[in-house]
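The basis for the numbers below is simple: all heavy atoms, side chains too, and nothing from hydrogens, waters or symmetry mates.
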Amino acid sequence: MTETGNPTKLGFLLFPGFPMACLTSAIEPLRAANEIVGRREFAWKLLAEETGPVRSSAEVKFDPDATLTEAEELDYLFFLSMPQSNFVHPKRSNAQIRWMDRSGVVLGGFSGGIFPLVRSGVMGGHVCSVHWCYDAAFKGEFPDIAASQSVIIRDRRRQTASGAGAVFDLMLRLIEEKLGRDTMTEVACWFQHPFVRTDDASQKVPVQKRGGTDDMLPDTIRHAIQVFSDHIEDPVQISDVAEALGISERHLERSFKQATGQSPLKYYRLMRLKKARQKVLYSTQSITEIAISVGYASSTPMTRHYAEAFGVNPADERRRLVGLRGLAGALPPSE
């Protein structure tokens, strides 16, 4: 393959447990673009904070090409991690990230990688694309950072993508901007990528117990769910939701059950419990703090409802997760 004089250089910063699908979704379209044009227009390196292999979420180990402090002449640096990931040496590594920012490197994060990216202190005044399954945990930890449901956010020199499919789309954008739409389209067709989403495309969110997504619901039901979503910490009465929508409570009950298979009350409670579960799994808040944040007066009723919904109480689920990830002591006590 012919070497171009000025390839775009990307670094992928790997933390233990990083989502492997996001890494392959980033590299494969870049590789294909190079092959299609017959020259190396994109170059990439796998980076880690320390030397040694990094195990992915799929239990596959990757050998980084260099450490973070050895990375040179990058155009882009993307964080790939679990939400709980932190630098082992935060003072040194965060200083390196800030230096890269001052040097003009575009910084970004994929999926859970937005968490250590924000913790590094470079996202003030920027908007993040936050995966719906991390939304509650993200807003709880970073209330001053704007979180978006768009699959991709490119906000000046910050680029974030909510999941592997969004990462693929983001790479297609980079390919189009450098090599033109024809090459980008050919890359998408190589992988039979079904469509190329624009930056403002919204995430698909599953409808509870129905096997569909929220954009498939009738307008009235989607609006009711939006009201529920706006009132997680301060629950509203179903009758008040119906009144706000200009329909009777009976009509809302009937329509909601027809569309989702559940009553609005059960759907609303499960929505709040799923937000609580995100925080149990991905935040450091205590169980009591989590309960209050999803509209319970104390942890006791939430714990009971949580166990009914998920088959395990929140404190036990957190302890089990900590054990699985080898992070004992990284999270606070349950209370």
Side-chain angles (χ1 to χ4, degrees), residues 9-31 42-71 74 76-90 92-94 96-97 100 105-123 128-135 137-138 141-142 151-153 158-171 174 203 278 281-284 321-328 330-331:
K9 298 176 182 177
L10 302 93
F12 299 106
L13 180 58
L14 310 181
F15 291 76
F18 74 91
M20 189 174 78
C22 286
L23 180 62
T24 57
S25 290
I27 291 176
E28 283 297 295
L30 302 178
R31 174 193 63 81
F42 296 95
W44 52 87
K45 285 187 175 182
L46 304 187
L47 306 173
E49 187 181 11
E50 300 181 306
T51 58
V54 182
R55 189 185 295 273
S56 72
S57 58
E59 300 295 320
V60 178
K61 291 182 179 179
F62 289 77
D63 289 316
D65 301 299
T67 63
L68 177 61
T69 54
E70 294 169 342
L74 293 179
Y76 295 84
L77 177 70
F78 293 105
F79 286 54
L80 289 83
S81 76
M82 302 185 299
Q84 301 90 334
S85 297
N86 287 291
F87 284 125
V88 176
H89 308 288
R92 181 184 70 194
S93 297
N94 286 333
Q96 178 72 6
I97 298 301
M100 288 182 167
V105 177
V106 175
L107 302 175
F110 303 153
S111 191
I114 61 172
F115 284 77
L117 175 65
V118 175
R119 292 179 192 126
S120 69
V122 295
M123 290 301 293
C128 281
S129 171
V130 181
H131 194 289
W132 60 265
C133 75
Y134 299 144
D135 180 68
F138 185 89
E141 184 174 353
F142 309 115
V151 294
I152 297 168
I153 292 290
R158 301 292 183 270
Q159 301 192 1
T160 51
S162 56
V167 172
F168 198 102
D169 287 323
L170 176 58
M171 296 301 110
L174 300 184
Q203 296 179 39
Q278 288 182 25
L281 298 178
Y282 307 121
S283 84
T284 58
L321 185 70
V322 168
L324 287 173
R325 289 175 174 164
L327 299 177
L331 294 176

Residues in side chain to side chain donor-acceptor pair (under 3.5 Å) with Glu141, at least two apart? Arg119

Is a donor on one side and an acceptor on the other found under 3.5 Å between the side chain of Arg158 and the backbone of Val122? yes

After noting the C-alpha distance and the side-chain angles of Thr160 and Val130, does the key distance pass the side chain to side chain contact (heavy atoms under 4.5 Å, CB included) rule? CA-CA 8 Å; Thr160 51; Val130 181; over 6 Å; no

A side-chain contact here means heavy atoms from C-beta on lying under 4.5 Å apart; do Ser162 and Trp132 qualify? no

Using a 4.5 Å cut-off on heavy atoms from C-beta on, say whether the side chain of Leu68 contacts that of Met100. yes

Do Ser25 and Met171 come within less than 4.5 Å of each other through their side chains, counting heavy atoms only? no

Pairwise distance NZ(Lys45) to CD(Glu70) - rounded to 0.5 angstrom: 8.5 Å

Give me the atom names and distance for the closest heavy-atom approach of Tyr282 to Cys133. CE1-O, 3.9 Å

How long is the span from the CZ atom in Phe110 to the OG atom in Ser81, to the nearest 0.5 Å? 11.5 Å

Within-4.5 Å side-chain heavy-atom neighbours: Leu13 and Leu80: no

Could you list all the salt bridge (charged side-chain N to carboxylate O under 4.0 Å, His left out) pairs where at least one residue sits in residues 79-89, not counting sequence neighbours? none

Given the side-chain rings of Phe115 and Phe138, with only the six-membered ring counted for Trp, is the space between their centroids under 6.0 Å? yes

Between atom OG1 of Thr67 and atom CD of Gln96, what is the distance when rounded to the nearest 0.5 Å? 8.5 Å

Report yes if the side chains of Asp65 and Leu47 come closer than 4.5 Å at any heavy-atom pair, otherwise no. no

Between Val167 and Ile152, is there a side-chain heavy-atom distance shorter than 4.5 Å? no

Given 3.5 Å as the limit, does a donor-acceptor pair link the side chain of Ser85 with the main chain of Met82, or not? yes

Note: Val118 and Cys128 closest approach over all heavy atoms is CG2-SG, 4.0 Å

With side chains defined as the heavy atoms from C-beta onward, is the minimum distance between Pro116 and Phe87 less than 4.5 Å? no

Which residues satisfy the side-chain contact (heavy atoms from CB on, under 4.5 Å) test with Gln159, sequence neighbours excluded? Tyr76, Phe78, Val106, Arg154, Leu170, Leu174

For Lys61, is there any backbone N or O sitting under 3.5 Å from a side-chain donor or acceptor partner on Asp63? no

Restricting to side-chain contact (heavy atoms from CB on, under 4.5 Å), what partner residues turn up for Ser56, sequence neighbours left out? Phe18, Met20, Ala58, Val60, Phe62

Would you compute the distance between atom CD1 of Ile114 and atom CZ of Phe79 and round it to the nearest 0.5 angstrom? 12.0 Å

Could you work out, with side-chain contact (heavy atoms from CB on, under 4.5 Å) as the rule, every residue matching Val88, not counting sequence neighbours? Glu49, Glu50

Say you draw a straight line from CG of Leu117 to CG of Leu107; how long is it, rounded to the nearest 0.5 Å? 6.5 Å

Applying side-chain contact (heavy atoms from CB on, under 4.5 Å) to Ala48 and not counting sequence neighbours gives Val54, Pro64

Nearest 0.5 Å, what's the SG-CG distance between Cys22 and Leu14? 11.0 Å

